[in-house]
Amino acid sequence: MSRSLLAVLLLALLAHGAGLRNGFVYDDHRFINNNQRLPDASLREVLLDVSTHTADSDRDVWRPLRVLGHQIDLATGLGPFAFHLHSLLAHLGAVALGWLLLRRLLPGDSQAPALLGATLLAVHPLGVEVVGFLSSRGDEYALAAGCAALLAALRADRATSPGARAGWLAAAAGCAFLALLGKESAVWVPLLGLLAWRLLARPRLLPVLAVGAGVAGGLALRQVALAGLSPLQTVPHGGDAVAQAGWALYGTGLTLAHAAWPATLSVDYVQDAWVDGPTPWVRPLALLALGLIGLAFALRRRQPVVALLVGWMLIAWLPSSSLLVTLRSLV
């Protein structure tokens, strides 16, 4: 293992290790404590019956990998400790895969970009929710499997034999499918692949299409599990297209501001604005996000790596709908 990666993983342990002492909070109760179907639900039921995912009547939540992970934790009999240990290990895996992806995706021999990206992912306060909040573990699964899918796509791109290429293409599609089963916000995976193909000419288009096929398969299974309904939700995840785009841009700008200055970060930092209505910060923060989109477009030829990384940040906060839920707390 690289010394730089080992150092990053140790930093992640220091940043999040104290969470092992925590219990269940917020949605953990409806997804875990009060979910009577959790212990005995079969794999088929978890994949196709959304009533196994939560104890209440909210039936638009579909996170199969999270449910299966919670089943494993519950079976240990160790209480909240097992759940938090699982989330911490998932975070370490996601950090390691993120580091490896950046090392292999970005050109040049320097480890600095990968080290910076993995360190931010490992320790930045924006990641606290997905590590410490058990109900958000699906984000970790989506990130880890998504990075694995893109790594497999890069291997398929370099494969010399047809058999090896076919195997890596299948692995890329399978990992992308699993990422979608972690959380539907994993639609970022093929989009990042498209950006890398367009800006860096790697991987080639066929491996990116394989990743897209895996995500499409996961979305199709989600629609089957939801009986094709995908009911329209209220803001923040509903409203017309203009409202969704506006809130997504606002959330992006606010998160970028917290990335630079996280002192006022709160688990409810976006929800408060949604409940209270527009604040004076909505417009300037939305303009900040639009400015970054313009910056990425302007740099696409002279600084393709910078444009790729800016695009990666923005992709995570695509306008949401009942099918694509905005990922606010993890890039």
Side-chain angles (χ1 to χ4, degrees), residues 94 97-108 113-114 117 121 139 141-159 165-166 168-220 222 241 244-245 248-249 252 256 289-321 323-327 330-331:
L97 287 167
W99 178 87
L100 189 59
L101 175 62
L102 290 173
R103 284 284 293 133
R104 296 187 176 178
L105 181 62
L106 301 180
L121 180 63
D139 290 315
Y141 292 148
L143 176 63
C147 289
L150 292 172
L151 283 167
L154 291 171
R155 291 296 298 267
D157 204 26
R158 296 195 298 267
R165 184 177 301 110
W168 284 114
L169 288 173
C175 289
F177 178 78
L178 289 176
L180 201 286
L181 267 60
K183 191 171 183 179
E184 58 269 32
S185 51
V187 292
W188 67 266
V189 181
L191 295 176
L192 178 60
L194 285 173
L195 270 185
W197 166 69
R198 185 67 180 85
L199 296 173
L200 306 179
R202 53 186 306 212
R204 284 176 284 191
L205 185 57
L206 181 59
V208 175
L209 293 177
V211 172
V215 166
L219 287 173
R222 180 181 188 273
Q244 291 177 32
L249 288 172
T252 300
L256 291 172
L290 286 173
L292 277 177
I293 294 173
L295 176 65
F297 184 79
L299 294 176
R300 71 190 189 282
R301 298 185 188 277
R302 290 180 297 174
Q303 297 290 339
V305 171
V306 176
L308 173 71
L309 295 178
V310 173
W312 187 352
M313 284 193 299
L314 295 170
I315 280 172
W317 290 284
L318 284 171
S320 64
S321 68
L323 185 62
L324 311 180
V325 178
T326 304
L327 175 59
L330 183 66
V331 177

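These numbers come from the heavy atoms of this one structure, side chains and all, not from hydrogens, waters or symmetry mates.
Closest heavy-atom contact between Leu150 and Val189: CD2-O, 3.7 Å. Residues Pro113 and Leu106 approach most closely at CB-CD1, 3.7 Å, considering heavy atoms. Across all non-hydrogen atoms, the minimal contact from Pro207 to Ala153 is CB-O, 3.5 Å. Closest approach of Val211 and Ala149 over heavy atoms only: CG2-O, 4.0 Å. Among all heavy-atom pairs drawn from Leu105 and Arg202, the shortest one is O-NH1, 3.0 Å. Nearest heavy atoms, Leu102 versus Gly117: CD1-CA, 3.9 Å.
Taking CG of Leu151 as the start and CG of Leu97 as the end, the distance is 6.5 Å to the nearest 0.5 Å. To the nearest 0.5 angstrom, Leu219 atom CG is 10.0 Å from Phe177 atom CZ. To the nearest 0.5 Å, atom CG of residue Leu192 and atom SG of residue Cys147 are 8.5 Å apart. Going from atom CG of Leu195 over to atom CG of Leu200 covers 9.0 Å, rounded to the nearest 0.5 Å. With values rounded to the nearest 0.5 angstrom, Leu295 atom CG is found 4.5 Å from Leu299 atom CG. Here the CG atom belonging to Leu143 is positioned 5.5 Å from the CH2 atom belonging to Trp188, to the nearest 0.5 angstrom.
In the displayed structure, Arg158 atom CZ is contacted under 6.0 Å by more than 12 heavy atoms of other residues, nucleotides or ligands.
With contacts defined as side-chain heavy-atom distances shorter than 4.5 Å, the pair Arg104/Arg155 qualifies. For the pair Leu194 and Leu205, the minimum side-chain heavy-atom distance is below 4.5 Å.
Under the 3.5 Å distance criterion, the side-chain polar atoms of Arg204 are matched with a main-chain donor or acceptor of Asp157.
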